Protein chains: 2
Amino acid sequence: MIKKIGQCNSLQVLKDAKLSRTSQRVAVLDMLINAERPLTVIQIFRNINFHQKIHKVTIYRILSSFVAKDIARGIPTDEGINYYEMACRHNPVHAHFYCKSCKKMFCLDPATSSRAIELFADLNGFKIEALSLNITGVCSNCNKGGSL
Amino acid sequence: MIKKIGQCNSLQVLKDAKLSRTSQRVAVLDMLINAERPLTVIQIFRNINFHQKIHKVTIYRILSSFVAKDIARGIPTDEGINYYEMACRHNPVHAHFYCKSCKKMFCLDPATSSRAIELFADLNGFKIEALSLNITGVCSNCNKGGSL
DNA sequence: ATAATAAATGCAATTAAATTGCAATTATTA
DNA sequence: TAATAATTGCAATTTAATTGCATTTATTAT
Ligand SMILES: [Mn+2]
Ligand SMILES: [Mn+2]
Ligand SMILES: [Zn+2]
Ligand SMILES: [Zn+2]
């Protein structure tokens, strides 16, 4: 499991991506930048709306715009829920672990992840747009009754 | 990409799993056994209902029972749709390629897949229940205008 | 073979994530 | 500061999947 290291400046990220600077986008982006794990739309919605009111649909649209601009990436679970994380240079594509118990998603070691990903580098004729390696199970905290 | 080799007998599979033998279960199971790629509920529904009437909800429930008994496994896509394939001894867990264009899912080489999967074998304290390695993109057929 | 019991199915209604249309608001640019 | 373009809020919709319940079908015991 890794911890986020690299930090980005949300205003700079938006400027580079040529996305207009709205308070909603800044709020969502700051949340992604500071998150220590991928977040769902609902998690972002709840956290932001503690202080600021943003419509849920807006968060869907903001995240879609981030994904389109390669600012963020979406990680779908077995259970059909999308988690989002930064897709900046500090955070290359990597594998994830999803805990069915606490519903948290953990980022897995990027070195091991990239070794796995490289194995599928040449699927001749097939154009690869995204690769996801997801493990589902129960996290160590939940295993020892941590969710109580 | 691989082709299905191993065959199973649907009646025997149901008996071994202690699932009662209904015409609906036999139809769904035969379809999975003979499929050359994973199928969605809708695909199964359409194919079966060409000759036999089965309610869509029944297919959902049948597939859930198959997954619970490890007869089949579900493979979710980026787009939130579940594909199903046999989970018998002839078909170990492996990676998949999902074509966004034609919506077909392809099974990838199980040898390469298992090498990738082994890399994540020991996540200490984390109980692994499922592992999925999914690549999304455009298949070779669609790449050369095959979907036209 | 028949009756009793248990399981599976069909149908309608529901859930929940995600998407869309459109009017109102906000940001960018000239 | 005004004009233009983009974004947001809200309501309605879409769609995969799930649930409750009455009916039908399969399994089991007699
Ligand atoms: Mn991650
Ligand atoms: Mn497969
Ligand atoms: Zn957990
Ligand atoms: Zn294709």
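Letters A, B, ... mirror the listed sequences (proteins, then strands); counts begin at 1. The shown structure was predicted, so the numbers you read here are calculated from the model rather than taken from an experiment.
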Could you state the atom-to-atom distance from [atom1] of [X] to [atom2] of [N] in whole Å?
X	N	atom1	atom2	result
Leu63(A)	dT8(D)	CG	C1'	15 Å
Lys56(B)	dT18(D)	NZ	P	14 Å
Arg21(B)	dT24(D)	CZ	C1'	18 Å
Lys15(B)	dT27(D)	NZ	C1'	13 Å
Ile44(B)	dA16(D)	CD1	P	14 Å
Ile81(A)	dA17(D)	CD1	P	13 Å
Asn82(A)	dA16(C)	CG	C1'	13 Å
Tyr60(B)	dA16(D)	OH	P	6 Å

5'-most contact on DNA chain D (nearest-nucleotide basis), Tyr84(B) vs Leu19(A), goes to Leu19(A)
**Position toward the 5' end of DNA chain D (nearest nucleotide), Gly80(B) or Ile59(A)** =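 Looking at the nearest nucleotide for each, Ile59(A) comes out on the 5' side.
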### Message
Pair Tyr83(B), Tyr98(B) - check ring pair (Phe, Tyr, Trp, His ring centres under 6.0 Å), show working.
### Response
CA-CA 10 Å; Tyr83(B) 282 67; Tyr98(B) 176 66; 5.6 Å; yes
Check [X] against [Y] and note the closest heavy-atom contact, atom names and distance.
X	Y	result
Ala87(A)	Arg73(A)	CA-NH2, 3.4 Å
Lys56(A)	Val41(A)	CG-CG1, 4.1 Å
Gln52(A)	Ser23(A)	NE2-OG, 3.6 Å

Side-chain N or O of Gln24(B) closer than 4.0 Å to phosphate OP1/OP2 of dT25(D):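 Result: no.
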Distance check: side-chain N/O of Thr22(B) vs OP1/OP2 of dT25(D), anything under 4.0 Å? no
When we call it a touch if two heavy atoms are under 4.0 Å apart, what does Arg61(A) touch: a base, just sugar-phosphate, or nothing?
base
- Quick one: do Lys103(A) and Glu79(A) make a salt bridge, cutoff under 4.0 Å? yes
query: Charged N to carboxylate O below 4.0 Å: is that the case for Glu85(B) and Arg37(B)?
result: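 Between Arg37(B) and Glu85(B) there is no salt bridge, as every charged N stays at least 4.0 Å from the carboxylate O atoms.
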Could you tell me whether the side chains of Ser10(A) and Arg25(A) share a donor-acceptor contact shorter than 3.5 Å?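 Their side chains do not contain a donor-acceptor pair, so the 3.5 Å distance test is not met.
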Can you list, in residue-number order, the parts of residues 47-55 of chain B that come under 4.0 Å of DNA chain C, counting heavy atoms only?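 DNA chain C contact set from residues 47-55 of chain B: Lys53(B), Ile54(B), His55(B).
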In Asn134(A), Leu119(A), Leu133(A), Ile117(A), the residue satisfying side chain to side chain contact (heavy atoms under 4.5 Å, CB included) with Leu133(B) is Leu133(A)
Worksheet entry | Test log, rule ring pair (Phe, Tyr, Trp, His ring centres under 6.0 Å), inputs Phe106(A) and Phe126(B) | CA-CA 11 Å; Phe106(A) 300 84; Phe126(B) 284 61; 5.3 Å; yes
query: Which of these nucleotides, dT7(D), dG9(D), dA17(D), is closest to any side-chain atom of Thr58(A)?
result: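 Nearest to the side-chain atoms of Thr58(A), counting from C-beta on, is dG9(D).
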As a check of understanding: the bend across the helix from dA1(C)-dT30(D) to dA30(C)-dT1(D), end axes from five pairs, rounded to 10 degrees, works out to 40°
